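Per chain, numbering begins at 1; letters A, B, ... match sequence-line order. The structure presented is a predicted model; accordingly, all values stated were derived computationally and were not measured.
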Amino acid sequence: MEQGQLDNIRHSFAHLLAAAVKELFPQAQLGIGPVIEDGFYYDFALLAEADLSKIEEKMRQIARKNLAFKKELWPALKATQYYKKEKQPFKLELIKELSQGKKPASTKATTDKVGMVWTGKLFLDLCRGGHVKNTKELPLDAFKLTRVAGAYWKGDEKNPMLTRIYGAAFSTKKELASHLTMLEEAERRDHKKLGPELGLFTFSDLVGSGLPLFTPKGTIIRRTLTDFVERLNRENGFEEVWIPHLAKPDLYKISGHLEKFQEDLFRVKGKGGEFVLKPMNCPHHIQIFQSQLHSYRELPIRYFQTTTVYRDEQSGELAGLTRVRSITQDDGHVFCTEEQIPQEFALNLKIQKELVAAVGLKEYWIRLSLRHPKNKKAYLGSDTVWSTAQRQMEDLLKKEKVPYRIAEGEAAFYGPKMDFMAKDSLGREWQFSTIQLDFNLPKRFGLEYTAQDGSRKTPVMIHRAFMGSVERFMAMLIEHYAGAFPFWLAPEQLWIVPVSDKFLPYAEKIAQELKGFRINVRRENETLGKKIREGEMQKIPYLLVVGEKEQTSNTISVRQRGKGDLGSMKPAEFLKKLSQEALPPQ
RNA sequence: GCCGAUGUAGCUUAGUGGCAAAGCAAUGGUUUUGUAAACCAUGUACGGCAGUUCGAUUCUGCCCAUCGGCUCCA
């Protein structure tokens, strides 16, 4: 089915939902009811209760009456009078905007027509159109009201909050079913569930929300990832630095963050005054740069560090590891000349691609955020430097054959940027890393280097993080792999499972021979079947079974995750096999 | 922060205005196991603080936390 027709179905369901709600709760006021990715929603005020099954039943009842959708064009004045009578303030607001939007500052505004759509004779709704012809065309087995949520009128938190009812709708029952199955799968892979199940991280009411604690197993994954990225940094000319986690507010006054994000800063009281827990690292790194005089010969200077920043995010925004208050960044800053911008972007893009390949992320693309072409004055930095840099960035992406989309007007006022986007198991896109040019901070802090002719010049800065937030990156990987990490990342790589405790000494001997891997000898007094089951549930890459047979022939029986029993082999043979997967793929 | 839902043992769940039930896990023992759950025994919980009540895990209020959204995201 075409998207247009599917949208018509979904939109018709939205009308049906509103009609059903008005039948059940006549005093409810209507907001808007658009089509969304997997269905539709409608917003209501003064909704007495949102009993989804009751409303859904009512929708079916109404649909079975075979009502025709019919659009009429009404003068805005007539529609206004109608909705005044109906006491629908949100609709009145919409009509006002619609008519004024067409002819601003015109007295003729009220003569403009607005679309009004009838559902039979039962229900009338302000609408620009896009419906099926008759409710009998609606696939009543292919929709489901899914959830209730609050949403601000017109998405502005200063406005009243309405009750939003979401529905999923497709053209066939089968499509709805597969959509619901997909949601279940996403739930199964949810890192919030898998993380604690696999013993990777936890939260504590006493520590506080949004402050994850990593267990030994989770820390192995963290450490493996950060070690890998730190090595990439060093190999590419970045120097590691270290900074404390607080600073005087003055630092952020100069950077401008104190004013912009004051609500979101954690403040710490000291004997001599107040400190701020660092919400970002650049001002600190800038202080290191500024501690010495720099020559153009030294540039580019590249600092990097894995370190945690603290942001007092709104409580309702916290979610598992994807949105936390202690965010660990693999942060880095390049100080360079304007001429060096393209080479530095290329370098960072190269590192980024290596990381993406290593963790096996297949579905990703880059959002190239550029300045708004019609509003060049709103941006800091010279016109030529901007246009050159933007052109160079796009040329680079073309040359490197990275999929990208241009987002005009999305650049920060201080510079253009590239953001890496990836799809998670819920099909949601998240940004996980960023490479940004910055013309602002060097100015604010008065950074300088001595140029070839002896004059003092201002360097440009590049902010970049390859994982972005280590916590969020881990969340993405947990869902990406559904907890079954590749060998190099797996917190426990090998389990050695003796058939009975008679073979414990042999199991220990094998563990010695395989030294260097993350090995767990399962000494518990349990049956083999049980230990195998546990190993499978913990998603251990290899289970090595040893018993009478193996001890006699000096072998191990190898069971690979997802592949089953591989038969027996000599430890040396197994080591050879492992050598291919012990490191991240290049 | 806002709207709504939820909170019973380490986990998954049952239940009640009057001694809180079970499975898995844990612990002790028996068993000596051949590729996804051996057997017996044992301990542990009503998120917190107030209020109503003779009595609250159950009802009410506030707080904390989690989830689904909205808003925000340097």
Side-chain angles (χ1 to χ4, degrees), chain A residues 36 41 43-45 47 49-50 52 146-166 183 187 190 192-193 196-197 199 202-210 252 255-265 278-283 309 311-320 322-325 327 329 331 412-414 417 430-431 434 436 438 440-441 463 465 468-469 472 495 497-504 524-538 543-550 557-560 564-568:
Chain A
I36 50 171
Y41 70 77
D43 286 343
F44 305 95
L47 187 59
E49 55 159 331
L52 293 188
T146 47
R147 54 182 182 260
V148 187
Y152 298 108
W153 169 239
K154 292 216 200 108
D156 188 335
E157 65 178 326
K158 288 184 201 82
N159 286 338
M161 181 156 277
L162 309 180
T163 303
R164 176 171 296 176
I165 298 179
Y166 284 93
L183 288 183
E187 209 179 309
D190 188 347
K192 295 189 282 288
K193 201 163 152 266
E197 248 172 53
T202 185
F203 288 89
S204 152
D205 281 8
L206 286 175
V207 175
S209 62
Y252 296 102
S255 72
H257 295 107
L258 193 68
E259 203 192 3
K260 185 147 192 233
F261 296 105
Q262 53 177 327
E263 291 296 305
D264 303 320
L265 299 180
K278 70 178 158 85
M280 54 183 357
N281 307 306
C282 15
V309 297
R311 298 174 183 178
D312 194 2
E313 307 283 4
Q314 297 191 79
S315 59
E317 270 136 24
L318 303 171
T322 55
R323 197 76 185 267
V324 292
R325 285 180 168 145
I327 310 154
Q329 302 176 321
D331 208 0
F413 73 92
Y414 53 77
K417 60 177 178 173
W430 339 336
Q431 178 193 333
T434 187
Q436 308 189 2
D438 186 347
N440 176 45
L441 283 181
H463 307 256
S469 150
R472 185 188 302 199
W495 272 14
V497 185
V499 169
S500 81
D501 58 11
K502 274 193 285 191
F503 307 106
L504 256 177
E524 293 82 356
N525 180 12
E526 292 290 352
T527 58
L528 178 64
K530 175 138 183 191
K531 289 181 193 172
I532 297 281
R533 178 181 152 82
E534 272 175 6
E536 289 288 342
M537 292 205 303
Q538 286 294 309
L543 306 179
L544 310 179
V545 177
V546 293
E548 181 75 47
K549 210 165 63 187
E550 288 76 14
S557 280
V558 180
R559 181 186 166 111
Q560 187 174 5
D565 198 344
L566 301 185
S568 63

Beyond-backbone contact of A:Leu441 with A:His463, side-chain heavy atoms, under 4.5 angstrom: yes
Touch class at under 4.0 angstrom, heavy-atom based, for A:Asp565 against every strand present: base
Sugar-phosphate, base or nothing in reach of A:Phe203, heavy atoms under 4.0 Å: nothing
Watson-Crick or G-U wobble mate for B:G43, both contacts under 3.5 Å: none
Interatomic distance where NZ belongs to A:Lys530 and P belongs to B:G34 [whole Å]: 15 Å
Any strand: nucleotide that pairs with B:A5 via Watson-Crick or wobble, under 3.5 Å: B:U66
Sub-4.5 Å side-chain heavy-atom contact between A:Pro279 and A:Val309: no
Euclidean distance, atom CG of residue A:Leu52 to atom P of B:G4 [Å, nearest integer]: 15 Å
Rounded distance in Å between the P positions of B:U13 and B:G29: 33 Å
Distance, C1' atom - from B:G68 to B:A26, rounded to whole angstrom: 34 Å
Euclidean distance for P, B:C67 against B:G28 (whole angstrom): 35 Å
Presence of donor-acceptor pair under 3.5 Å, side chain of A:Arg147 and base of B:C67: no
Integer angstrom distance from the C1' of B:G43 to that of B:G10: 13 Å
Sugar-phosphate, base or nothing in reach of A:Gly567, heavy atoms under 4.0 Å: nothing
A:Tyr252 and A:His257 aromatic ring geometry - parallel, tilted or perpendicular at 30°/60° bounds: perpendicular
Spacing of CZ belonging to A:Arg311 relative to CG belonging to A:Leu265, to within rounding of 0.5 Å: 9.5 Å
Value in whole Å for how far the P atom of B:U12 lies from CD of A:Glu187: 13 Å
Candidate nucleotides B:A74, B:G1, B:G34, ranked by approach to the side chain of A:Gln314 - the nearest: B:G1
Sugar-phosphate only, base, or nothing, as touched by A:Gly155 at under 4.0 Å among non-hydrogen atoms: sugar-phosphate
5' precedence on RNA chain B between A:Asp312 and A:Lys549 (nearest-nucleotide basis): A:Lys549
From CA spacing to verdict: salt bridge (Lys or Arg N to Asp or Glu O under 4.0 Å), A:Asp156, A:Lys154: CA-CA 6 Å; A:Asp156 188 335; A:Lys154 292 216 200 108; over 6 Å; no
Pair assignment for B:U57, Watson-Crick or G-U wobble, requiring both distances under 3.5 Å: none
Check: B:C3 base within 3.5 Å donor-acceptor of A:Arg164 side chain: no
Minimum-distance nucleotide to A:Arg323 side chain [options: B:U33, B:C72, B:C2]: B:C72
Side chains of A:Lys502 and A:Glu548 in contact at under 4.5 Å (non-hydrogen atoms): no
Touch class at under 4.0 angstrom, heavy-atom based, for A:Glu550 against every strand present: base
Per A:Glu157 side chain, nearest of listed nucleotides B:U33, B:A36, B:G1: B:G1
Atom-pair distance (CD on A:Gln538; P on B:A25), nearest Å: 13 Å
For atom CG of A:Asn525 and atom C1' of B:A26, their distance in whole Å: 15 Å
Sugar-phosphate, base or nothing in reach of A:Ala151, heavy atoms under 4.0 Å: sugar-phosphate
For A:Gln314 against A:Arg325, the heavy-atom pair lying closest together: C-NH2, 4.2 Å
Rounded interatomic separation in angstrom, taking CD from A:Gln436 and C1' from B:C73: 12 Å
N/O donor-acceptor pair, side chain A:Tyr152 with base B:G69, under 3.5 angstrom: no
Side chain of A:Glu317 - closest among B:U33, B:A74, B:G1: B:G1
A:Glu536 side chain, from C-beta outward: closest of B:A36, B:G69, B:U30: B:A36
Centroid under 5.5 Å and tilt under 30°, A:Phe261 to B:A74: yes
Pair partner, B:A21 [Watson-Crick or wobble, under 3.5 Å]: B:U13
Minimum-distance nucleotide to A:Arg559 side chain [options: B:U35, B:U33, B:C70]: B:U35
Heavy-atom side-chain contact between A:Asp438 and A:Gln436 under 4.5 Å: no
Stepwise side-chain hydrogen bond (donor to acceptor under 3.5 Å, both in side chains) check, A:Glu550 with A:Ser568: CA-CA 8 Å; A:Glu550 288 76 14; A:Ser568 63; 5.8 Å; no
Touch class at under 4.0 angstrom, heavy-atom based, for A:Gly529 against every strand present: sugar-phosphate
A:Leu318 CG - B:C70 P separation (whole Å): 16 Å
P spacing across the pair B:U16 / B:U58, given as an integer number of angstrom: 14 Å
Pairing partner (Watson-Crick or G-U wobble, both distances under 3.5 angstrom) of B:G34: none
Sugar-phosphate, base or nothing in reach of A:Ser209, heavy atoms under 4.0 Å: sugar-phosphate
Touch class at under 4.0 angstrom, heavy-atom based, for A:Ser255 against every strand present: nothing
Touch class at under 4.0 angstrom, heavy-atom based, for A:Lys531 against every strand present: nothing
Residue A:Ile532, side-chain heavy atoms: nucleotide from B:A36, B:A74, B:A37 that is nearest: B:A36
Distance, P atom - from B:C2 to B:C62, rounded to whole angstrom: 12 Å
5' priority, RNA chain B, between A:Gly210 and A:Tyr166 [closest heavy atom]: A:Gly210
Donor-acceptor pair present, A:Asp156 side chain and B:U71 base, under 3.5 Å: no
Options B:G34, B:A37, B:U32, nucleotide nearest the side-chain atoms of A:Arg533: B:A37
Short side-chain N/O contact from A:Lys192 to OP1 or OP2 of B:A65, under 4.0 Å: no
Spacing of the P atoms in B:A22 and B:U42 (rounded, Å): 11 Å
Rounded distance in Å - CG (A:Asp501) to C1' (B:U31): 10 Å
Any A:Thr527 side-chain N or O less than 4.0 Å from OP1/OP2 of B:A38: yes
Touch class at under 4.0 angstrom, heavy-atom based, for A:Glu263 against every strand present: nothing
Check: A:Leu47 and A:Ile165 side chains under 4.5 Å, non-hydrogen atoms: yes
Integer angstrom distance from the C1' of B:G15 to that of B:G23: 16 Å
